[in-house]
Number of protein chains: 2
Amino acid sequence: MATNTTISAPAQVISPEELLQHWQGHRQLTRRVIVAFPEDKLFNYSIGGMRPFAGLAEELTGLASGGIKGVATGKWPRINELEHHSDKPLPATKEEILKQWDEVTEEIEALWPQISPERFHDVEKAFGMYEGPIYANFLYLVDNEIHHRGQGYVYLRSLGIEPPPFWDRF
Amino acid sequence: MATNTTISAPAQVISPEELLQHWQGHRQLTRRVIVAFPEDKLFNYSIGGMRPFAGLAEELTGLASGGIKGVATGKWPRINELEHHSDKPLPATKEEILKQWDEVTEEIEALWPQISPERFHDVEKAFGMYEGPIYANFLYLVDNEIHHRGQGYVYLRSLGIEPPPFWDRF
């Protein structure tokens, strides 16, 4: 028989370690999409007035870097400028984009173990704006990356470039 | 003090109810993207040789319908045909696509409560092909929808149509 305590706690089915793996797997794939762009197209090519993929990558870098700090410490950087979500300098080459990307990967690995399991249901305003439980804002961050990366796939296809396989997250 | 049993069980931080809400929220948004397409563009418009959005929506409908059956019952339909993942007839109009979409929404609501929390770590071959824990295959299914919907956003923008806001999942 379950005790009353067990009954009152809702069952949870995904662990922090699994969420970390989920996130970093997606970030590995997005990194490969950045690599797949020719240098000039990364900064200049767009469809329908949307940002070039360098602009999207820059947003994702800033949100991931600010996001891991907010999730781990509760200190959320504010988004003051929609086009540049980061305290890092604007990268001007593919190499610089990838360097910042890899720095954020290390930040995530370093900060993630500090997050307690209870933390994921704290309700906060992520980036000073988006109120919700941490787990939901975290999923939003990953979803936003998948969404923009999907745009990148269309850019690559329209350039005649085969994108990296969607299922490859390692 | 925690007991040994508590220590040996890894902490889990997302509940089945939260995963259901996450999924259905995304499906609501994708439904609005389908609605946003003009009837002819839904079936005929594409970029870079990719499928028109009707083809993507059809894939998502089939995967969601088969996916909820597999997750809930362990009976996974097999994917024999990449272009049509469903046992449902191919829809020929936007109205039919939306009708199937809404039927799957109801299937999900009906079957989800049958899924036990322990089920999310069962390891199975989803759709007879993709071996992994249920939670990971479930996230993959949602990610695949976000990915293809991101393509739909580019199609809409390139047609001069403002897509529904990404943050609106209700």
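Quantities reported herein were computed from a predicted structural model and do not represent experimental measurements.
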Residue-level interface, residues 131-149 of chain B with chain A, non-hydrogen cut-off under 4.5 Å: B:Y135, B:L139, B:Y140, B:D143, B:N144, B:I146, B:H147

- request: May I ask you to name which of B:R169, B:H26, B:Q151, B:E18 has the most heavy-atom pairs under 4.5 Å with chain A?
  value: B:E18

- request: Considering only NZ, NE, NH1 and NH2 on the basic side and carboxylate oxygens on the acidic side, decide whether A:E107 and A:K69 come within less than 4.0 Å.
  value: yes

A:E124: salt bridge (Lys or Arg N to Asp or Glu O under 4.0 Å) partners, not counting sequence neighbours: A:R119

- prompt: Which residue pairs pass the side-chain hydrogen bond (donor to acceptor under 3.5 Å, both in side chains) test when at least one of the two sits in residues 89-98 of chain B, sequence neighbours left out?
  reply: none

Under 3.5 Å: donor-acceptor pair, side chain of B:W101, backbone of B:R27: yes

- prompt: Should the pair A:Y155 and A:F37 be assigned to parallel (<30°), tilted (30 to 60°) or perpendicular (>60°) ring geometry?
  reply: perpendicular

- request: Mind checking side-chain contact (heavy atoms from CB on, under 4.5 Å) for B:P113 and listing every partner two or more places apart, or none if nothing turns up?
  value: none

Largest heavy-atom contact set with chain B, pairs under 4.5 Å, which of A:H22, A:Q21, A:E17: A:H22

statement: All heavy atoms of A:F43 vs all of A:P52, minimum pair found to be O-CG, 3.3 Å

